[in-house]
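In what follows, a structure is listed as structure tokens, so that the remarks can point back to it.
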Amino acid sequence: MRAVRTRRPRPPRPSPELAKAPISPTTRSKPEEDPSPLTLPIKAFKLRLANGPPLASTAKDFKTYSETCASLLRLCRAMSATSTTMPSYAPSSGCLPLVLSLHAHAFRSGLTADRSVASNLLTAYAAFTRAADRDQAFRDCVAADAASSFTYDFMVSEHVKAGDIASARRLFYGMPEKSVVSYTTMVDALMKRGSVRDAVELYERCPLHSVAFFTAMISGFVRNELHKDAFPVFRKMLTCSVRPNVVTLICVIKACVGAGEFDLAMGVVGLAVKCNLFEKSIEVHNSLITLYLRMGDAAAAHRVFDDMEVRDVVSWTALLDVYADLGDLYGARRVLDAMPARNEVSWGTLIARHEQKGDTAEALKLYSQMLADGCRPNISCFSSVLSACATLQDLRGGTRIHANALKMGSSTNLFVSSSLIDMYCKCKQCTYAQRVFNSLPEKNTVCWNSLISGYSWNGKMVEAEGLFNKMPARNSVSWNTMISGYAENRRFGDALNYFYAMLASGHIPGEITLSSVLLACANLCSLEMGRMVHAEIVKLGIEDNIFMGTALSDMYAKSGDLDSSRRVFYQMPEKNNITWTAMVQGLAENGFAEESISLFEDMIENGIAPNEHTFLAILFACSHCGLVEQAIHYFETMQAHGIPPKSKHYTCMVDVLARAGCLPEAEELLMKVSSELDTSSWSSLLSACSTYRNKEIGERAAKKLHELEKDNTAGYVLLSNMYASCGKWKDAAETRILMQGASLKKDAGCSWLQLRGQYHAFFSWKEKHPLSLEIYEILDLLMLELTT
DNA sequence: ATAGGGTTAG
């Protein structure tokens with residue numbers, strides 16, 4: 001024990017001025033008026049030590065001292081909250097010596113075993129974060145059989161606060177009589193660590209009840225996103241006639257919101273009204289705002305806000321979210337400006353909403369404004385703003401935010417690092433992403449998924465597959481990532497193989513899985529598999545889902561089963577512009593050009609906004625019917641809709657004109673926009689030149705094509721064809737030789753079919769199918785059957 | 001024991 005400096009050189013006499021005497025050297029230079037009444041008891045106590053009778057010599061006296069000391073300590077703790085602005089309030093500035101002195105005295109007097117003294121010493125040392133002294137005091141207590149239930153409860157919560165759940169657990173199981181307080185502490189700690197199973201086990205074994213205990217379970221389930229599990233606890237609480245309080249109510253409402261159980265929520269609110277629970281609680285009102293918002297009743301949410309007598313930042317932020325949820329980001333911004341005080345959550349909400357709505361640039365701008373406003377970004381904010389950088393592929397911005405996160409110590413947070421991995425991958429920096437991933441001390445499935453998805457986004461399926469095989473635990477997102485990754489990289493067969501593996505692993509496919517699988521089916525023209533997926537969708541009861549319907553209708557159209565495609569389309573209860581576009585396109589590509597055009601007109605009449613893909617489909621339809629006038633009309637309509645034509649649209653228009661024989665017009669259009677076009681437009685013109693035997697334009701087109709792309713085999717073939725069609729056999733032959741000289745070969749076209757899960761490809765000349773001899777024999781037999 | 005915001009798949 002250290003010697004305690006309790007006496008100052010010149011002990012002040014008790015007099016009115018002395019009440020204002022400085023209590024420690026650090027405060028001596030401070031202005032005499034003290035802003036807080038908190039220091040007064042400490043001064044009084046110091047005076048008592050300085051001038052009063054010697055310290056207590058009996059347990060009773062000592063109890064008075066130690067209790068005084070404990071209450072002083074509570075004051076110190078309250079003041080230490082303001083100790084950053086006022087250093088003299090820091091707990092070390094005078095109280096600790098008092099405690100040490102009291103402890104020494106108690107030790108000398110053999111009073112450490114007094115229950116009250118022991119527990120006050122314990123709390124005192126805990127307040128000064130002197131863990132070793134605290135633990136010694138606890139051991140003294142136990143040895144002297146002076147440990148009360150409170151002592152144990154306190155120590156359990158001390159260990160929990162220090163994050164030492166193992167010690168807390170050991171202590172808890174060693175408790176002679178477990179109190180409901182310790183049960184509550186343990187359950188809460190376990191829930192916060194995500195050990196839901198352990199928490200539930202304790203809950204089921206606990207013979208005692210209290211509001212806090214039940215509430216801790218409810219909030220624990222909510223924290224772990226197991227909203228539905230919270231309801232039985234609430235029900236049990238009511239059957240045990242434990243009255244819910246305000247905190248319970250808040251947690252239960254949150255559970256209802258999370259589970260989407262709004263009827264139940266209204267029942268709970270009714271109950272709360274009956275119990276008079278939410279009269280003047282700001283917190284309950286705040287949670288009501290969010291409840292009504294999630295119910296889709298923005299007006300009611302607003303009313304709750306308006307009716308509140310006192311509002312805080314949370315109320316205002318919830319209101320901001322009401323506006324944002326209605327899509328009124330401008331209104332949300334106005335709320336932010338009108339708020340009496342903003343914090344990082346208010347800014348973060350607005351930023352997240354802009355990011356979600358796709359206004360990523362504005363999200364980044366708001367982020368800078370937030371920093372300028374003096375708010376420190378938190379985990380959520382980093383996540384959304386990094387996500388914005390990912391969509392913008394803004395590597396510089398993303399790196400800067402990475403630096404900010406590093407500085408704030410948030411870079412190893414799993415939410416932030418998942419976003420970082422995603423951001424670096426979207427910016428084509430897989431190495432950095434991998435580095436972020438490697439630097440993580442602990443990884444969760446989301447990080448793994450992010451990196452896998454990042455590699456597949458960059459077309460690196462080998463790496464993606466390697467990670468997928470290595471990861472310790474997979475969820476359905478992991479499977480979806482692989483399946484859609486293969487579908488995106490046009491490896492449709494692999495996508496289907498992963499789908500089979502997913503089913504075998506016992507994961508239930510969801511909308512996302514099935515839409516990728518349908519995309520694969522559509523591209524493989526695998527009608528059989530597509531029908532199976534359709535059946536699966538009906539079985540899962542999600543056939544009315546707009547994504548499912550669109551993907552199904554598209555799959556049938558691409559597989560050539562237009563009847564089924566139409567049936568799905570017309571039975572859909574809800575359609576969006578993508579649904580309509582897919583159908584228009586399906587009809588166009590299958591040669592139902594008139595029907596495609598009339599469906600497009602229906603679409604416009606129904607007020608569905610066409611997009612660039614819709615127009616591409618309709619131009620395609622026109623080109624196949626030779627409807628030049630119509631095509632020009634739609635081409636102009638498109639621009640009137642504010643959709644700038646892209647190279648594919650020009651290609652299509654050139655194709656329309658060229659097919660109809662308007663070769664000079666086609667060439668003129670091409671020359672006008674040539675720089676933005678890809679080579680296919682020139683190929684298309686060249687091809688038409690061979691049909692219409694136009695040698696002059698054809699040669700110009702071929703020249704242009706050659707300039708743009710030296711290795712384009714199609715160009716040589718087309719040119720050669722054109723010469724052939726004009727009867728210029730010599731030129732045709734020379735072109736072929738030229739092509740071979742450039743060591744180019746025409747890519748072989750092929751067709752394929754699926755048989756018992758295996759794909760068989762058929763080429764026009766090379767690489768004969770291994771069974772081609774047999775196949776042709778059968779074919780001959782069939783032909784014979786048919787003709788006789 | 002507590003209200004407001006967040007990451008990966010289409």
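So that the names make sense, note that chain A is the first sequence line, chain B the second, and so on, each numbered from 1. Bear in mind that the values here come from a model prediction, so they are computed numbers and not experimental data.
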Practice task
For A:Ser219, answer base if it contacts any base atom (sugar-phosphate contacts may also be present), sugar-phosphate if it contacts only those atoms, and nothing otherwise; contact means non-hydrogen atoms under 4.0 Å.
Solution key: sugar-phosphate
Handout entry: Contact list for residues 342-363 of chain A, test salt bridge (charged side-chain N to carboxylate O under 4.0 Å, His left out), sequence neighbours left out
Key = A:Asp321-A:Arg353, A:Asp325-A:Arg353, A:Arg342-A:Asp373, A:Glu362-A:Lys365
Practice task
Kindly say if A:Lys254 contacts the phosphate of B:dA3, meaning a side-chain N or O under 4.0 Å from OP1 or OP2.
Solution key: yes
Handout entry: Minimum-distance nucleotide (side-chain atoms of A:Lys426 versus B:dA9, B:dT7, B:dT2)
Key = B:dA9
Exercise for the section: Respond yes when some side-chain nitrogen or oxygen of A:Ser453 is under 4.0 Å from OP1 or OP2 of B:dA9, and no when none is. Expected result: yes
Handout entry: Among B:dG10, B:dT8, B:dA1, the one nearest A:Glu488 by side-chain distance
Key = B:dG10
Problem - Closest to the A:Phe415 side chain, choosing from B:dG4, B:dA9, B:dG6 - result: B:dG6
Exercise for the section: Remember a base hit wins even if backbone is also touched, and classify A:Arg294 as base, sugar-phosphate or nothing at under 4.0 Å, heavy atoms. Expected result: sugar-phosphate
Handout entry: Nearest-angstrom distance from the residue atom CE of A:Met423 to C1' of B:dG6
Key = 16 Å
Completion exercise
Atom CE of A:Met502 and atom P of B:dG10 are separated, to the nearest Å, by 14 Å
Fill in the blank from the handout: Sequence neighbours excluded, the answer for salt bridge (charged side-chain N to carboxylate O under 4.0 Å, His left out) partners of A:Arg333 is A:Asp337
Handout entry: Ring centroid separation A:Phe305 to A:Trp316 under 6.0 Å
Key = yes
Handout entry: Contact list for DNA chain B against residues 339-355 of chain A - heavy-atom distance below 4.0 Å
Key = A:Asn343, A:Val345, A:Thr349, A:Ala352
Practice task
Would you mind classifying the nucleic acid contact of A:Ser450 as base, sugar-phosphate or nothing, using non-hydrogen atoms under 4.0 angstrom?
Solution key: sugar-phosphate
Practice task
Using a 4.0 Å heavy-atom cut-off across all strands, classify A:Thr481 as base, sugar-phosphate, or nothing.
Solution key: sugar-phosphate
Handout entry: Contacts of type side chain to side chain donor-acceptor pair (under 3.5 Å), residue A:Arg435, not counting sequence neighbours
Key = none
Exercise for the section: Enumerate the residue pairs fulfilling salt bridge (charged side-chain N to carboxylate O under 4.0 Å, His left out) with a member in residues 492-502 of chain A, sequence neighbours excluded, ordered by first and then second residue. Expected result: A:Arg491-A:Asp494
Problem - Atom-to-atom span, CG of A:Asp325 to P of B:dG6 - whole angstrom - result: 10 Å
Exercise for the section: Side chain of A:Asn413 only, please: which of B:dT8, B:dG6, B:dG10 is the nearest? Expected result: B:dG6
Completion exercise
To the nearest angstrom, the CH2-C1' distance between A:Trp457 and B:dT8 comes to 15 Å
Fill in the blank from the handout: Considering only heavy side-chain atoms of A:Phe547, the closest of B:dA3, B:dT7, B:dG10 is B:dG10
Practice task
Let me know the distance between CD1 of A:Ile578 and C1' of B:dG10, rounded to the nearest Å.
Solution key: 10 Å
Completion exercise
From the candidates B:dG10, B:dG4, B:dG6, the one with an atom nearest any side-chain atom of A:Glu511 is B:dG10
Handout entry: Chi angles and distances behind the ring-ring contact (aromatic ring centres under 6.0 Å, His included) call for A:His302, A:Tyr292
Key = CA-CA 9 Å; A:His302 212 301; A:Tyr292 286 124; over 10 Å; no
Practice task
Assess whether one donor atom and one acceptor atom, taken from the side chain of A:Ser383 and the base of B:dT7, lie less than 3.5 Å apart.
Solution key: no
Exercise for the section: Answer yes if the ring centres of A:Phe437 and A:Trp448 are under 6.0 angstrom apart, and no otherwise. Expected result: yes
Practice task
Using salt bridge (charged side-chain N to carboxylate O under 4.0 Å, His left out) as the criterion, list what pairs up with A:Asp198, not counting sequence neighbours.
Solution key: A:Arg169
Exercise for the section: Could you check whether A:Phe382 and the base of B:dG6 form a stacked pair, meaning centres closer than 5.5 Å and planes differing by less than 30°? Expected result: no
